[in-house]
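Encoded as structure tokens, the structure appears first; notes follow it.
In what follows, chains carry the letters A, B, and so on, assigned in the order in which the sequence lines appear, proteins first and then strands, with residues in each chain numbered from 1.
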Number of protein chains: 2
Amino acid sequence: MVWAMSQRSAGIIEEIEAEILNGKLQPGERLPSEEKLCERFNASRTVIREAIQQLRGRGLLRTTKGSGSYIADPSLDSLTTAMEAYASLVVEAGFMELIDFRILIETECARLAAVHAGESVLKELRQIVATMEKVQGVRAKFSKADIAFHLAIARGSGNRIYAGVLGAVERRCIDYAQTNRGDDDWYSGVIDSHRDILDAISAGLPDRAADAMRRHLLSSKRHFVDLGV
Amino acid sequence: MVWAMSQRSAGIIEEIEAEILNGKLQPGERLPSEEKLCERFNASRTVIREAIQQLRGRGLLRTTKGSGSYIADPSLDSLTTAMEAYASLVVEAGFMELIDFRILIETECARLAAVHAGESVLKELRQIVATMEKVQGVRAKFSKADIAFHLAIARGSGNRIYAGVLGAVERRCIDYAQTNRGDDDWYSGVIDSHRDILDAISAGLPDRAADAMRRHLLSSKRHFVDLGV
DNA sequence: TCGTGAAAGTTGTCATACAGATTTGAGCTG
DNA sequence: CAGCTCAAATCTGTATGACAACTTTCACGA
């Protein structure tokens with residue numbers, strides 16, 4: 001049965017998407033030119049282009065001017081942007097759910113990083129902690145370093161999905177935290193927590209790393225609760 | 001500083017996206033008409049429309065013909081589709097990472113469900129287990145029930161993010177599992193595991209539920225390893 | 001007060017044209 | 001024959017104009 005489609009592009013999107021998801025079109029492969037697609041779907045170039053734009057928005061295609069549209073490599077970018085969008089929109093309704101989600105994943109990341117993190121990640125983490133001490137009190141820079149710290153650990157976990165998913169929610173959680181507090185000893189408290197985590201990871205102690213991360217994030221969650229979010 | 005943008009729409013997307021994500025534009029609110037946006041960005045309608053199409057692809061806008069484009073409600077749909085797309089594309093490269101991700105989240109869901117799940121969810125779970133016994137051996141139906149079981153637990157966790165994220169990866173993991181095995185006692189093994197999980201949840205024992213779920217998923221992971229995925 | 005219907009506003013689609021980038025390939029050079 | 005060059009072909013990006021189809025608005029009349 002064919003459903004009346006309010007938009008010609010909707011059906012085209014479905015069809016191309018299906019071919020990508022079931023592997024008929026492989027990553028890196030080129031999509032037929034817009035003109036060819038016009039013939040195939042018997043539609044104007046306008047419609048074809050709108051379908052391509054939406055698929056680009058979903059992260060399934062990348063387009064090069066003068067060359068063509070190509071099936072995107074498996075990238076976490078689209079997942080990250082979608083997660084970011086959801087995290088933003090849901091901020092009032094389910095912020096606590098987002099925080100719990102973050103705690104679960106980051107605790108696991110810390111545990112894994114204690115086992116898998118290489119010297120380059122450890123070095124990066126040490127540098128970030130040093131930076132945080134320097135910029136103590138400067139909210140924007142401190143926040144940036146804070147995010148970098150957590151993302152570096154996620155990368156150190158060796159699981160790209162954790163890193164991608166976290167990249168999406170991290171910024172929002174931390175920004176939100178810092179716009180709502182600026183006490184002096186709060187900065188040093190965060191730095192101490194980070195140092196604990198770093199020590200456990202670099203000592204290769206998974207459980208201690210997980211525990212330190214969990215305590216750090218739970219204290220941050222408590223602040224939200226206190227603020228009545 | 002203004003960067004040379006290969007596409008006029010890129011900058012427009014960024015700007016509108018920012019206004020949505022930082023809350024300047026609220027969910028449900030109407031975007032200015034395409035004509036107005038043309039004036040504001042000093043661009044042709046073609047460019048404006050391409051920007052809107054991409055934002056629709058990202059799930060940030062929904063459009064009604066004859067009325068306008070509206071900021072989307074915080075829906076997990078876009079997150080789910082993005083996750084699904086990633087899960088499909090990544091299937092060869094990082095399937096194990098996806099499985100680990102799933103194990104982490106589902107274990108937590110089982111733990112939470114033991115505390116939060118209401119009678120309606122418990123009833124649903126019991127029905128699903130009963131169904132699985134009936135359709136034992138019929139792969140498609142069994143798979144469908146299997147997915148339903150895990151998703152019901154995710155919903156029972158009380159955290160919508162877990163449910164949304166899982167919805168994306170669940171189908172792929174389970175389908176993949178079942179296309180690679182069909183032994184007779186495998187079916188009964190899965191049912192036994194599910195019953196263990198259900199018992200722990202309905203008894204309100206978080207740790208036992210988490211443990212049962214973890215064992216269930218780890219055994220499923222072992223199969224993949226054995227298959228040399 | 002409550003429809004009702006015309007008018008205004010808005011998105012969807014088509015056709016055409018050209019700018020600007022990339023790819024291709026024929027022909028030249030060594 | 002191998003490799004280079006450069007022009008032609010191909011392809012996407014953008015602009016413009018037009019009209020269809022749908023929604024919203026609002027003045028008018030019962």
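- With rounding to whole Å, B:R30 atom CZ is found 5 Å from C:dT10 atom P.
- The distance from atom OH of A:Y70 to atom C1' of C:dT23 is 9 Å, rounded to the nearest whole Å.
- Atom C1' of nucleotide D:dT14 and atom CD of B:Q53 are separated by 16 Å, given to the nearest angstrom.
- Closest approach to the A:S44 side chain among C:dT11, C:dT23, C:dC14 is made by C:dC14 (side chain taken as heavy atoms from C-beta onward).
- Ring orientation note: the planes of A:F101 and B:Y162 are tilted relative to one another, at an angle of 30° to 60°.
- Results of the salt bridge (Lys or Arg N to Asp or Glu O under 4.0 Å) test with B:E15 over B:R8, B:K24, B:R40 single out B:R40 as the only residue that passes.
- Atom CZ of B:R62 is separated from atom P of D:dT23 by 13 Å (rounded to the nearest Å).
- If you take CD of B:Q7 and P of C:dA19, they are 19 Å apart, rounded to a whole angstrom.
- For the atom pair A:E124 CD and A:L198 CG, the distance stands at 11.5 Å (nearest 0.5 Å).
- In terms of phosphate contacts, A:R49 brings no side-chain nitrogen or oxygen within less than 4.0 Å of OP1 or OP2 of D:dT14.
- Rounded to a whole Å, the NZ atom of B:K65 is 6 Å from the C1' atom of D:dC22.
- In this structure, the side chain of B:Q54 does not engage the main chain of B:A51 through any donor-acceptor pair within 3.5 Å.
- When distances run from any side-chain atom of A:S67 to the nucleotides D:dA15, D:dG13, C:dT22, the shortest one goes to C:dT22.
- Distance CG (B:L37) to P (D:dT14): 16 Å, rounded to an integer number of Å.
- Between B:R56 and C:dG12 there is a side-chain polar atom (N or O) within less than 4.0 angstrom of OP1 or OP2.
- Take the nearest nucleotide of DNA chain C for A:V47 and for A:G66: the residue whose nucleotide is more 5' is A:V47.
- Checking B:I197, B:V121, B:I128 one by one against B:I153, the side-chain contact (heavy atoms from CB on, under 4.5 Å) holds for a single residue, B:I197.
- Look at CD1 on B:I48: it is 11 Å from P on C:dT11, rounded to the nearest Å.
- If you check D:dT14, C:dT11, D:dC11 against the side chain of A:S33, the one that comes closest is D:dC11.
- Interface remark: the B:T46 side chain does form a donor-acceptor pair with the D:dA15 base, using a distance-only criterion of under 3.5 Å.
- Taking 3.5 Å as the limit, the base of D:dG17 and the side chain of B:R45 contain no donor-acceptor pair of atoms between them.
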